[in-house]
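Notes for the one structure printed next.
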Amino acid sequence: MQTTTRGPIGPTATRTSPDHLSPVLGRYFERTWSHGEGHRLFDVEGRGYLDFANGIAVSSLGHHHPAVTAAVHAQVDRLIAPPSAVGYAEPINRLADMIAAEMPDPIDTVFFLNSGSEAIEGALKLARRVTGRPGIIAFRGGFHGRTFGATSVTSSNPNYRHGYEPLLPGVYLAAFPDVYRDFAGDEDAATDACLAALEADFDDEVSPDDVAALLIEPIQGEGGYRPAPARFLQGLRRLADRYGILLIADEVQSGFARTGRMWGFEHAGIVPDVVTLAKAIANGLPLSAVVSRRDLQERWGKGAHGTTYGGNPVACAAGIAVLETIHEQDLVANAAARGAQLTAGLRSLMGTDLGIGDVRGPGLMIGTVLVTDRTSRAPDGERTERVIQRCADLGLLLLSCGVDHDTVRWIAPIDVSAAEIDEALAVFSEALATA
């Protein structure tokens with residue numbers, strides 16, 4: 001255990017052993033990190049790792065990004081504490097304007113919070129209060145957070161729900177189109193079957209007149225980087241319109257250029273009623289948002305929801321820098337181009353490694369599914385874990401996801417270079433061969 005020396009105002013060196021940290025939080029690696037620079041994360045021994053984990057899609061512009069860092073420093077010298085309860089502040093107002101400008105009409109109103117879970121909680125409250133209906137339909141394999149309401153609509157891992165029942169009442173889980181595992185790659189069959197199953201749920205389980213919202217990730221994150229087929233999302237939009245249900249798009253992981261579009265729902269050409277944002281919004285600072293058309297939030301009502309820290313001006317200043325950088329560097333296009341490069345490289349590896357069952361996902365939100373054999377599509381979570389740990393030993397940080405932990409998820413920074421993609425592919429190839 002590293003000892004701690006003390007200066008005049010406290011510790012000047014930090015022990016590397018987590019004696020007093022809770023063991024509850026799961027961690028992918030037993031490493032202690034010192035600092036980050038660009039797309040590298042450095043451990044306390046000074047070794048650099050190409051960071052394709054990004055704190056689970058948070059630091060999408062990498063570490064110590066100059067524009068974000070400058071914006072944070074400038075704002076810290078002006079105002080740190082959130083003033084929203086007593087008025088307004090320029091960076092909060094400006095970021096709201098910028099986010100609204102990124103959304104399709106008629107989405108134009110932003111409520112800032114702190115985390116993805118909080119954004120989901122806010123969206124669920126909005127939906128129930130505005131519609132006067134109790135029911136929420138989420139989709140199996142979805143992940144929406146860890147707070148009580150967010151846990152109630154999450155099903156990507158049984159451990160997230162175990163021991164917390166009964167959860168929020170009025171929540172129903174519908175079938176998500178797992179195109180690869182359940183439908184042998186047939187998007188149309190998956191779409192037709194799952195839309196039919198949802199309409200059967202309306203007949204057998206819950207009346208659509210009692211449903212406030214349909215909540216879906218356009219691309220499931222923790223559930224396995226599974227894109228919802230465009231036609232499925234379009235079908236949900238039609239059902240929501242038919243029955244007066246709000247369609248909520250959870251863009252917490254898929255937003256901010258991650259998928260080669262600004263928002264994941266754009267791939268389907270739909271407009272949700274409510275969008276939830278977080279993760280990459282401020283490149284590491286805690287911030288999230290519920291975004292909708294204005295009349296919904298007016299009907300939600302003044303004082304119907306609140307927050308102390310939401311819309312912190314420092315986090316909002318970082319958020320402004322994130323959006324400015326995305327546009328100045330054309331990072332939506334970069335995510336699409338580098339994602340195509342990465343996908344091509346992974347599919348090339350698939351030609352020689354029969355344990356790769358699927359490569360899927362738009363832009364830089366790519367899942368590589370490892371299987372025991374391609375015929376049965378049986379998940380190989382054990383190999384996935386070995387490969388991820390081997391990649392870390394070789395200097396590349398990747399994460400897993402999926403109900404069976406069988407999917408390697410690629411979350412490269414959206415400003416990643418072609419050379420870095422090639423570097424990562426070379427490491428992954430070695431890890432596949434040696435793990």
Side-chain angles (χ1 to χ4, degrees), residues 75 78-136 144-145 147-150 152-153 168-171 209-215 240-241 243-252 255 263 271-278 281-282 285-320 323:
Q75 185 57 44
R78 299 186 63 181
L79 179 65
I80 296 177
S84 297
V86 295
Y88 305 94
E90 191 274 338
I92 305 171
N93 298 350
R94 185 178 173 204
L95 182 58
D97 290 344
M98 293 174 72
I99 290 173
E102 299 294 340
M103 291 287 170
D105 291 335
I107 301 175
D108 63 356
T109 301
V110 181
F111 190 121
F112 286 120
L113 295 153
N114 301 283
S115 69
S117 294
E118 285 189 40
I120 293 296
E121 297 282 348
L124 297 180
K125 290 175 71 175
L126 180 155
R128 280 188 166 177
R129 184 141 167 167
V130 165
T131 65
R133 301 173 177 182
I136 305 292
H144 303 285
T147 52
F148 208 77
S152 301
V153 291
L168 191 69
V171 171
D209 294 335
D210 291 326
V211 176
L214 297 168
L215 168 65
D241 290 339
Y243 295 118
I245 299 169
L246 297 182
L247 179 59
I248 304 173
D250 180 343
E251 293 276 355
V252 168
W263 314 116
V271 178
D273 297 294
V274 181
V275 183
T276 58
L277 309 175
I281 188 173
L285 275 70
L287 186 66
S288 66
V290 178
V291 193
S292 74
R293 63 182 190 269
R294 189 162 196 83
D295 73 284
L296 287 178
Q297 300 211 23
E298 288 175 342
R299 288 157 56 197
W300 196 4
K302 188 178 293 293
H305 195 47
T307 175
T308 298
Y309 289 104
N312 179 280
V314 179
C316 287
I320 291 167
L323 282 176

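Throughout, numbering of the chain's residues begins at 1 and tracks the sequence. Side chains are part of it too, since the values below use all heavy atoms of this structure and drop only hydrogens, waters and symmetry mates.
Listed by chain and number, the residues in a salt bridge (charged side-chain N to carboxylate O under 4.0 Å, His left out) with Asp210 amount to none (sequence neighbours excluded). Ser292 pairs by the side chain to side chain donor-acceptor pair (under 3.5 Å) definition with Gln297, not counting sequence neighbours. With sequence neighbours excluded, the residues that form a side chain to side chain contact (heavy atoms under 4.5 Å, CB included) with Val271 are Pro104, Pro106, Ile107. Contacts of Arg299 classified as salt bridge (charged side-chain N to carboxylate O under 4.0 Å, His left out), with partners at least two apart in sequence or in another chain: Asp295. Listed by chain and number, the residues in a side chain to side chain contact (heavy atoms under 4.5 Å, CB included) with Thr131 are Arg133, Ala212, Leu246 (sequence neighbours excluded). Applying the side chain to side chain donor-acceptor pair (under 3.5 Å) rule to Thr147 yields the partners Glu121; only residues at least two apart in sequence or on another chain are considered. Under the side chain to side chain contact (heavy atoms under 4.5 Å, CB included) criterion, Ala315 pairs with Leu285, Leu287, Asn312, sequence neighbours left out. Considering only residues two or more places apart in sequence or on other chains, Tyr243 meets the ring pair (Phe, Tyr, Trp, His ring centres under 6.0 Å) condition with Phe202. For Asp273, the side chain to side chain donor-acceptor pair (under 3.5 Å) partners at least two apart in sequence or on another chain are Arg237, Arg293.
With hydrogens and angles ignored, the 3.5 Å screen pairs no side-chain donor or acceptor of Thr276 with any backbone N or O of Val290.
For residues 104-130, every residue pair satisfying the ring-ring contact (aromatic ring centres under 6.0 Å, His included) rule, not counting sequence neighbours, is listed here: Phe111-Trp300, Phe111-His305. Evaluation of the side-chain hydrogen bond (donor to acceptor under 3.5 Å, both in side chains) test over residues 95-109, restricted to residues two or more places apart or in two chains, returns Glu102-His327, Thr109-Arg294.
Nearest heavy atom pair, residue Ala123 against residue Val274, reads CB-CG1, 4.1 Å.
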